[in-house]
Amino acid sequence: MRVILYKTKHGSTRKIGKVINQYIGNCLLMNLKDIDYPTLEKADVIIIGTPVYYGKLDSDIVQFIKNHQELLISKHYSLYVVGILQNEFMSFVTSAFDYSILKDMKIIAGVGGALYYPELSISEKMILQVMNKISPIIQKQKDKNIFENFNNDEIEIFANKIKNVI
């Protein structure tokens, strides 16, 4: 059994988990806030999805990974990072984890991200305005309040690598 464990604020990390599941098939999606440890114990593979907020990986996911290394290593775990600045994902990962943790992750991928403008707080909207001036990769979809740059090729490559973990 494979489990996709994620945390999401606006739904992007869950959305990517569902896409990964479409490529792999038969994964159980589990939100970190509803974690079921007995199910995790039964898993062969654990795929962890984390969003990036304000240039950092989600702190709850980071703490979960740090606190559960023994379980995760035994379950061949991998990490996907959801964030608008896809090219910077590895710098976020190496800021959160040192080599003692990174060496045990089977696969790490940055898959792009999305921002759903109506759901953002005032401070998030202000940060988005600044990011839009700095980074041309954040493009608003025509006639929608959605900013997306999901990398479908990277998602598929990640999923295909997961299939070969065991």
Side-chain angles (χ1 to χ4, degrees), residues 1-116 119-121 124 146 148-166:
M1 170 179 48
R2 293 181 178 117
V3 173
I4 299 174
L5 178 66
Y6 64 90
K7 182 168 177 202
T8 192
K9 185 174 179 181
H10 299 295
S12 297
T13 309
R14 178 176 167 74
K15 179 179 180 178
I16 296 302
K18 287 181 175 182
V19 173
I20 291 168
N21 186 38
Q22 288 175 348
Y23 286 114
I24 297 173
N26 297 320
C27 293
L28 175 65
L29 272 77
M30 185 183 300
N31 192 322
L32 184 66
K33 70 179 184 174
D34 301 319
I35 198 161
D36 178 358
Y37 286 101
T39 300
L40 285 182
E41 288 287 340
K42 294 175 189 172
D44 299 318
V45 173
I46 298 175
I47 304 158
I48 300 174
T50 182
V52 174
Y53 297 120
Y54 305 109
K56 294 183 179 182
L57 300 185
D58 178 83
S59 61
D60 292 334
I61 289 287
V62 170
Q63 283 308 306
F64 174 82
I65 291 172
K66 288 180 177 180
N67 294 338
H68 295 90
Q69 276 298 289
E70 189 174 319
L71 169 71
L72 294 171
I73 291 167
S74 71
K75 304 302 179 183
H76 308 287
Y77 78 108
S78 297
L79 180 72
Y80 68 95
V81 178
V82 177
I84 288 290
L85 300 176
Q86 179 195 355
N87 294 338
E88 311 235 348
F89 85 93
M90 205 57 203
S91 67
F92 304 140
V93 171
T94 56
S95 291
F97 304 110
D98 60 25
Y99 177 74
S100 67
I101 291 177
L102 292 173
K103 69 181 176 51
D104 294 313
M105 291 183 188
K106 298 296 181 190
I107 305 157
I108 305 170
V111 296
L115 295 170
Y116 305 110
E119 297 176 14
L120 299 178
S121 68
E124 290 170 325
I146 299 173
E148 283 188 348
N149 71 337
F150 291 123
N151 186 328
N152 293 323
D153 292 336
E154 193 63 35
I155 297 166
E156 184 176 8
I157 290 166
F158 177 75
N160 286 331
K161 288 180 180 178
I162 297 287
K163 287 181 189 178
N164 297 319
V165 166
I166 18 179

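Index from 1, following the sequence. Note that these values count all heavy atoms, side chains included, but never hydrogens, waters or copies made by symmetry.
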How many angstroms lie between CG in Leu72 and CE in Met105, if you round to the nearest 0.5 Å?
8.5 Å

Taking all heavy atoms of Asp104 and all of Gln69, pick out the closest pair and write down the distance.
OD2-OE1, 3.9 Å

Please find the pair of heavy atoms, one from Asn152 and one from Tyr23, that lie closest to each other, and give the distance.
O-OH, 4.3 Å

Heavy-atom count around Asp34 CG within 6.0 Å, excluding the residue itself: above 12?
yes

Answer with yes or no after comparing the ring centroid distance for His68 and Tyr37 against a 6.0 Å cut-off, counting only values under it.
yes

Return yes if some donor-acceptor pair links the side-chain N/O of Asn160 with the main-chain N/O of Glu156 below 3.5 Å, else return no.
yes

Counting only N and O atoms by type, is there a donor-acceptor contact under 3.5 Å from the side chain of Lys66 to the main-chain atoms of Ile101?
no

To check you understand the geometry: which heavy-atom pair defines the closest contact between Ile24 and Lys163, and what is its length?
CA-CE, 3.9 Å

Hey, which of Leu102, Thr50, Ile47, Ile46 is the one that makes side-chain contact (heavy atoms from CB on, under 4.5 Å) with Leu79?
Thr50

Result of checking Thr13, Leu57, Val81 against Pro51 for side-chain contact (heavy atoms from CB on, under 4.5 Å)
Thr13

Can you name the closest pair of heavy atoms from Asn21 and Cys27 and give their distance?
OD1-N, 2.8 Å

So does Met1 get a backbone contact from the side chain of Asp44, meaning a donor-acceptor N/O pair under 3.5 Å?
yes

Whether Tyr53 side chain and Lys9 backbone form a donor-acceptor pair below 3.5 Å
yes

